[in-house]
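To find a chain, count down the sequence lines: A is the first, B the second, and so on, and within it residues start at 1.
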Amino acid sequence: MEKTYTPHAIEQHWYNAWEEKGYFTPKGTGTPYCIMIPPPNVTGTLHMGHAFQDTLMDLMIRYHRMNGDNTLWQAGTDHAGIATQMVVERQLATEGKTRHDLGREAFIDKVWDWKAHSGGHITRQLRRMGASLDWAHERFTMDDGLSQAVREVFIRLYDEGLIYRGKRLVNWDPVLHTAVSDLEVQSQEENGSLWHLRYPLADGSGHLVVATTRPETMLGDTAVAVHPKDERYQHLIGKQVELPLTERTIPVVADEHVDPEFGSGCVKITPAHDFNDYEVGQRHKLPLINIFTVDAKLNDNAPATYQGMDRFAARQQIVADLKAAGLLVDIKPHKLMVPRGDRSHAVIEPFLTNQWFVKIAPLAEPAIKAVEDGQIKFIPDNWKKTYFEWMRNIQDWCISRQIWWGHRIPAWYDDKGQTYVGESEAHLREKYQIPETINLEQDTDVLDTWFSSALWPFSTLGWPENTERLKAFYPTSVLVTGFDIIFFWVARMIMMGLKFMGDVPFREIYIHGLIRDADGQKMSKSKGNVLDPLDLIDSIELETLVTKRTTGLMQPEMAPKIEKATRKQYPQGIPAFGTDALRFTFAALASTGRDIRFDLGRIEGYRNFCNKLWNATRYVLISTQDSDLTEPKVALSLTDRWIISRLQQLEAQIHQHFKTYRFDLAANALYDFTWNEYCDWYLEFSKPVLQNASEAAQRNTQRTLVRVLEALLRLLHPFIPFITEELWQRVAPLAGKSGDTIMLQPYPQPQADKIDVQTEQEIDWVKQFILGVRRIRAEMDIAPSKPLPVLLQNGTADDQQKWQTHNSIITRLARLDSVKWLNAEAPESAMALVGEMQILIPLAGLINKKAELKRLNKETEKLRKELAKCTAKLENPKFTARAPAEIVEKERQRVADMSASLQQLETQAARIRAI
RNA sequence: GGGUGUUUAGCUCAGUUGGGAGAGCGUCGCCCUUACAAGGCGAAUGUCGGGGGUUCAAGUCCCUCAACACCCACCA
């Protein structure tokens, strides 16, 4: 076995072997356990958020698979409509073409082509993470089955009146030429101006002043509104004003929407280009005048001089023209929230178009109830508040998109504009007896990507067919996702699941935190602080990292700053830590309800942990070579029983932590047991046994070394699958285990009868003894190599018995020379206490008197403080009267123990002083 | 404006029903002790954000203030 752990040598090999042998496919028997992967975009590359999320899912999946459940982790990717279309369009752009040059069909072929060649990137990366997804049943949101499910859902919702088409004001992306949903609009604060414009009254009796951040929309104004109770403007209500730059006059209306405190208290109303104004327009039956084209250029409804101008050019021109006409009163700087498309970053325009909507209220109601009733639980529980907040204020969902890549809306129109919704043109002609002479045109729109994602928990399992997989795995067990898509995805899956399956899509929703950089900043390309999980696994040279971080920036001027920071933070680049270390880090940091700062120090520490495990295994293998490890013929030793007992306690904890999604606590418990109990103590205990003890005792210890390690590897496997498989292959045969893979071995279950509290206490005594000697040695500056003579005094019969049992271990681990029980007066010594028993190390030649006094003093002080606190508590009559009896008793015991120790320490100090 | 979270050692974070403040990293000593220097042994370190309250007892429960972070909605 190699002396040092090198992750690369083992990872690739084991993953391929697992996948080839079909270990990721559900075994078909046992309790079903299922997680649906949140389908990554087919265009995507794995980022830290994915890596974290997928690690958590793989942990649960491997845990349940080992527990014997019928375990499915459903694989798949999302067609990601706009994102994918943009990728392919960008590619076309390099050839100087647009999608319109190709036409719809050829373009879509091109996208499929792209998917076939480049679409598998992220699934390959998932494999590098060790994710045990059922690749054999991988799905894609646009494959035939899922497309069929999408049509079925659309048609059924339409037939029930839950999908409708209407001309509405929607969020329009003038760059992508499509409607987007409310959720896809990101508002951000930007600097703008508030223009104060004068509108003359039509009767020539004066004017009023409106304030606006968007002067160009004035060309679409159809009213001015004032607050009905605003005393300043009572006389204006019902009058007409001349709309400057146009030939039109518009009315002054009274509406509650107006805030008299803001601006001038008069608001221009543009119903076709503002959501609030639209509402006002509806209330007052105002006409809607659309002044924009799909590119947000001024259209034919605008005066001729402005037609064809871009909205921002038109703004400047209109302001200039108003100024020239003496109608510009004031320009004030003003901060405002600008709505931008989350994909194109273009300023979103409220725009009047025909779109398809899902009537959401009837679907939301049962979805709210499911969470209220606890049929679905959020973890952490708080997220349900966010969920309710949104669901109770939910708006109809605009599901049509004017792009090409996606599920085509299954609606056809005849020449008279009659709408038919159905499976296909042929079906419809059949169903409605439409002769071929009547032309049917399919709607050109496609569906919002999230429409198909909403069906993911059942469409992937074969719905609308009632397949075996669907029966077995729906509802799924848990959904693991980030808070950012609770609205986009989680809520919509719940609504669709309840509607079409009659049951919730998952029983629990585990919401994890965000991975941030070491300074707590969000990772983003523009900040140049992105870490690539694959670089952490494989390593990356500084120069490559710098190049990676500084190319393709939206703001290239940031490059020098990013380069400098990167060179400073990673002067040596990033070393290879391996997948297991990365996974363990994610697990260890995954406390619930908290974002994670990812710090290289942590992953390094856990890489070292893997190395520790590697070397411990090496020791065990070396120590058990050619040994007979059959059933023990004599009783196990106390140290053997101790580590076995500790192992049971660990196993119980791990199960508990999985149940409560506390992967951090599970990882810490495993780390602690492996390093601080198994390696630091048990392996050390085993050394004297293997050198000196009887053959039977040796065999028992060898057997225990192997068996505990074997169980430990299984416990660790969900966290660090590669190294545990590699090591298990070597250890398992010695432990009498057979099987092709650790992946399918049973997860260890605690056995209550092997928990032995008394033995744990006894070994604790041994540890205290050894630690006492080590402390004196270190603080007295005695060379670790020098064996020490020790005298024992004041011990009980029990202490003597324990010493008898464990003397060889203690002698070795504490490096003792000789040990004597003392009845007579002790010579001048340094002292440590184990309970009442004194461990004395004679001063002669070894120990500095002053140093020992100082050391005793320090311990005495600490004890005295603690004792004072406890005594005060006990002297309080209210405490003894009201606190539970066992708490009072515990305090009394502590005071007794501390007083006894204190007295011994003081006597010892006095003795040394007297010398 | 509405909502949610966070604040514990130098740093990153645990702290389960209120009952002796913990871990990792870092720091400081000593050590190449035959599994491991990616290591071993030992040590130091806290007005648990501030204030108030409930309680015999508060990091933990309640109120309040502050700082930071995030989400939703917005004033044209």
Which part of the nucleic acid, if any, lies within reach of A:F609 when heavy atoms closer than 4.0 Å are counted: base, sugar-phosphate only, or nothing? nothing
Under 4.0 Å, heavy atoms only, any strand: does A:T270 hit a base, just the sugar-phosphate, or nothing? nothing
Within residues 254-264 of chain A or reaching into it, pairs that qualify as salt bridge (charged side-chain N to carboxylate O under 4.0 Å, His left out) - sequence neighbours excluded: A:D255-A:R283
Go through the structure and list residues passing ring pair (Phe, Tyr, Trp, His ring centres under 6.0 Å) with A:F483, not counting sequence neighbours. A:W383
By ring pair (Phe, Tyr, Trp, His ring centres under 6.0 Å) - contacts of A:Y278 (at least two apart): none
Give me the distance, rounded to whole Å, that separates [N] from [M] when you measure between the [atom1] atoms they each carry.
N: B:rG18; M: B:rC36; atom1: P; result: 48 Å
N: B:rA14; M: B:rU55; atom1: C1'; result: 26 Å
N: B:rU16; M: B:rA9; atom1: C1'; result: 22 Å
N: B:rG20; M: B:rC48; atom1: P; result: 16 Å
N: B:rG52; M: B:rG24; atom1: C1'; result: 36 Å
N: B:rU54; M: B:rC41; atom1: C1'; result: 47 Å
N: B:rA43; M: B:rG59; atom1: C1'; result: 26 Å
N: B:rG40; M: B:rU33; atom1: P; result: 14 Å

Rounding to an integer number of Å, can you tell me how far [X] [atom1] sits from [N] [atom2]?
X: A:E886; N: B:rG19; atom1: CD; atom2: P; value: 12 Å
X: A:K862; N: B:rG46; atom1: NZ; atom2: C1'; value: 14 Å
X: A:R516; N: B:rU6; atom1: CZ; atom2: P; value: 14 Å
X: A:N608; N: B:rG26; atom1: CG; atom2: P; value: 9 Å
X: A:E891; N: B:rA57; atom1: CD; atom2: C1'; value: 10 Å
X: A:K873; N: B:rG18; atom1: NZ; atom2: P; value: 15 Å
X: A:F488; N: B:rC71; atom1: CZ; atom2: C1'; value: 13 Å
X: A:L874; N: B:rG20; atom1: CG; atom2: P; value: 12 Å

After noting the C-alpha distance and the side-chain angles of A:F577 and A:Y606, does the key distance pass the ring pair (Phe, Tyr, Trp, His ring centres under 6.0 Å) rule? CA-CA 9 Å; A:F577 295 110; A:Y606 294 121; over 10 Å; no
A:W397 side, atom CH2; A:F487 side, atom CZ - distance, nearest 0.5 Å: 14.5 Å
Between NZ of A:K335 and CE of A:M337, what distance do you get to the nearest 0.5 Å? 11.5 Å
Do the numbers put A:K873 on top of the ring of A:F879, so that NZ or CZ is under 6.0 Å from the six-membered ring centre and no more than 45° off the axis? yes
Could you tell me whether A:K612 sits above the aromatic face of A:Y678, with NZ or CZ closer than 6.0 angstrom to the six-membered ring centre and within 45 degrees of the axis? no
For A:S193 and A:I331, which heavy atoms make the closest approach, and how far apart are they? CB-CG2, 3.7 Å
Decide side-chain hydrogen bond (donor to acceptor under 3.5 Å, both in side chains) for A:E604 and A:N608; before the verdict, give the C-alpha distance in whole Å, the side-chain angles of both, and the deciding distance to 0.1 Å. CA-CA 6 Å; A:E604 188 184 347; A:N608 295 353; 4.8 Å; no
Please produce a list of atom pairs where a protein N or O lies less than 3.5 Å from an N or O of nucleotides 72-76 of chain B.
from, atom 1, to, atom 2, distance (Å)
B:rC75, OP1, A:N276, ND2, 2.3
B:rC75, O2, A:D259, OD2, 3.1
B:rA76, OP2, A:H334, NE2, 3.1
B:rA76, O3', A:T213, OG1, 3.3
B:rA76, N6, A:D259, O, 2.7
B:rA76, N6, A:F262, O, 2.8
B:rA76, N1, A:D259, N, 3.1

Can you tell me whether the side chain of A:R894 and the base of B:rG20 have a donor-acceptor pair closer than 3.5 Å? yes
Can you tell me the pairing partner of B:rG1 across any strand shown, Watson-Crick or G-U wobble, with both distances under 3.5 angstrom? B:rC72
For nucleotides 8-12 of chain B, tabulate all protein N/O to nucleotide N/O atom pairs closer than 3.5 Å, reporting atom names and distance.
from, atom 1, to, atom 2, distance (Å)
B:rU12, OP1, A:R597, NH1, 2.8

Are [X] and [Y] ion-paired here, with the side-chain N under 4.0 Å from a carboxylate O?
X: A:E349; Y: A:R214; answer: yes
X: A:E859; Y: A:K862; answer: no
X: A:E861; Y: A:K858; answer: no

Protein-nucleotides 33-37 of chain B N/O pairs under 3.5 Å:
from, atom 1, to, atom 2, distance (Å)
B:rA35, OP1, A:K687, NZ, 3.3
B:rA35, O3', A:R618, NH2, 3.3
B:rA35, O2', A:N615, OD1, 3.1
B:rA35, O2', A:R618, NE, 3.3
B:rA35, O2', A:R618, NH2, 2.7
B:rA35, N7, A:K687, NZ, 3.4
B:rA35, N6, A:C679, O, 3.4
B:rA35, N3, A:N615, O, 3.2
B:rA35, N3, A:A616, N, 3.3
B:rC36, O4', A:N615, OD1, 3.3
B:rC36, O2', A:N611, ND2, 3.4
B:rC36, O2', A:N615, ND2, 3.3
B:rC36, O2, A:K612, NZ, 3.0
B:rC36, N3, A:K612, NZ, 2.9

